[in-house]
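I have placed the structure first, in the form of structure tokens, so that the comments after it can refer back to it.
Quick note on labels: first sequence line is chain A, next is B, and so on, each numbered from 1.
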Protein chains: 2
Amino acid sequence: MNTDPYAILQTHLQSRAPLTTEECETMLSRFRLKKVKRKQFIIQPEYVAKYRNYVVQGALRAYVTDENGIDNTIQFAVEDWWITDYNSYIYQQPATMFVTAIEDSLILQLDFESEKMLKAANHKFETIFRIMAERTAAFQQRRIISALTRTAKERYQDFADRYPLVLNRLPQYSLASYLGMSTEFLSKIRNNKV
Amino acid sequence: MNTDPYAILQTHLQSRAPLTTEECETMLSRFRLKKVKRKQFIIQPEYVAKYRNYVVQGALRAYVTDENGIDNTIQFAVEDWWITDYNSYIYQQPATMFVTAIEDSLILQLDFESEKMLKAANHKFETIFRIMAERTAAFQQRRIISALTRTAKERYQDFADRYPLVLNRLPQYSLASYLGMSTEFLSKIRNNKV
DNA sequence: AGGAAAAATTGAAGTAGTTCAAGCAATTTG
DNA sequence: CAAATTGCTTGAACTACTTCAATTTTTCCT
């Protein structure tokens, strides 16, 4: 099993559209490797999200802070997932989110200008980003349905069933806010106190 | 002002990527015009969503039904918007949603196989669908943030501010479920009984 | 390893929003 | 136009979940 970060990303990209060796080279050369320490921020409100981030190793979370200073987790990302402030990145406008590392992590960053260039240069690259966007949209639609139709307990159970291994890597308070409930209530669900 | 449905769609597509006359022709020829009567369904659970639908005239809504038989509105679409069961369409799997007309409507339908062919045939077409998917994802992320961080009253106010003209075209019960509250509670918000 | 900080747990009190039920208004359809 | 259906309103009772506060457990850091 290969542990070279670029080789891992290459496999990921190849699964979306088959690339020649040269194409792979072109694409991968635009990504830069970055180590992120636990609690370090890679995106902060008011700054434009310059990068789309592929997680090679580790775990990160994106959250917004409401007027009461409460964190609300919008997204998690572990190995083989992507994370950014999507609205900020796509439209290159100031972010509203924080993105921070839950664990020491290793990520591959693609900057917006390079992405733009890649999309324009090669139909296959465009296809890769199109597929990524479609899957993001489909995923989020499922999440919206879950938020609208399920109880707190059901939302937790669904998450636990779908991502059993991710579960124990996430601080409870961050999972609670991701699932739209308080950390106390999630604790009670987990310990059958409801 | 041109009222030819295909001309309207053409303007919409051109705003995403400039197309030659011939390219327009190729793309538009794949859409078929369909009239939908109020209350008529264009997508139903268990059947695969065969089409992506562009609204030329009218209004439609997508909803799921939970185990108690309650409607939960997932999406609205009026003029110049798109609607489908996104998960069903993208993955060509059985739908979980109903999509139905709120008003007598006129839509342009693109079937999945044609879309696939168009994406493969021309880089520009791929770009158009990539942009659509990106915007869908960005829109849905904003909606998730709103659901997690705002009160029922704030969610209603945000919607009313952003879509003042759409507001009076939607049945209240459907807007209530879109915003994640009961129709009674939305009624009270509107009449300042909270 | 040990002290400090962060996170999780628990119960009690509170509340944002739901459910129910009944009446009223508006719209649709024959 | 009348009758029926559908949608909206209102208040009262309820509940799923939050907030608060105190304690315990776990993790972090040198």
TODO: Rounded off to whole Å, could you give me the NZ-to-C1' distance for the B:Lys188 and D:dC8 pair?
DONE: 12 Å
- [ ] Walk me through it: do B:Thr26 and B:Leu19 pass the test side chain to side chain contact (heavy atoms under 4.5 Å, CB included)?
- [x] CA-CA 10 Å; B:Thr26 304; B:Leu19 301 174; over 6 Å; no
Task: A:Glu184 and A:Lys188 ion-paired at < 4.0 Å - done: no
- [ ] Give the ring-plane orientation class for A:Tyr54 versus A:His12, where under 30° counts as parallel, over 60° as perpendicular and anything between as tilted.
- [x] tilted
Open item on the list: In this structure, how many angstroms lie between the C1' atom of D:dT6 and the CD1 atom of B:Ile102, rounded?
Closed with: 15 Å
Open item on the list: With nearest nucleotide decided by heavy atoms, which residue, B:Arg38 or B:Arg150, maps closer to the 5′ end of DNA chain C?
Closed with: B:Arg150
TODO: Could you tell me whether the side chains of B:Tyr89 and B:Glu115 share a donor-acceptor contact shorter than 3.5 Å?
DONE: yes
- [ ] Have a look at B:Arg190 and say if it touches a base, only the backbone sugar-phosphate, or nothing, with a 4.0 Å heavy-atom cut-off.
- [x] nothing
TODO: Please determine if B:Asp158 and B:Arg142 form a salt bridge, counting it only when a charged side-chain N lies under 4.0 Å from a carboxylate O.
DONE: no
TODO: For DNA chain C, note the earliest and the latest nucleotide, 5' to 3', having some atom under 4.0 Å of a heavy atom belonging to chain B.
DONE: C:dG17 to C:dT28
Open item on the list: Measure CG/B:Leu175 against C1'/D:dG7 and give the value in whole Å, please.
Closed with: 14 Å
TODO: Provide, to the nearest angstrom, the distance between the CD atom belonging to A:Glu184 and the C1' atom belonging to D:dT24.
DONE: 15 Å
Open item on the list: Between C1' on D:dA16 and CG on A:Leu186, what's the gap in Å once rounded to a whole number?
Closed with: 15 Å
Task: Cation-pi check, A:Arg169 onto A:Tyr163 ring (under 6.0 Å, within 45° of axis) - done: no
Open item on the list: Without decimals, in angstroms, what is the distance between A:Tyr173 OH and D:dT25 P?
Closed with: 21 Å
Donor-acceptor contacts under 3.5 Å from residues 35-42 of chain B side chains, at least two apart:
unit_1	atom_1	unit_2	atom_2	d
B:Arg38	NE	B:Ile102	O	3.3
B:Gln40	OE1	B:Lys37	N	2.9

- [ ] Would you mind classifying the nucleic acid contact of A:Phe185 as base, sugar-phosphate or nothing, using non-hydrogen atoms under 4.0 angstrom?
- [x] base
Open item on the list: Tell me the interatomic distance from A:Leu170, atom CG, to D:dT27, atom C1', rounded to whole angstroms.
Closed with: 16 Å
Open item on the list: Under 4.0 Å, counting only non-hydrogen atoms across every strand here, what does A:Lys193 touch: a base, just sugar-phosphate, or nothing?
Closed with: sugar-phosphate
Open item on the list: Nearest whole Å is fine: how far is D:dT27 P from A:Gln172 CD?
Closed with: 12 Å
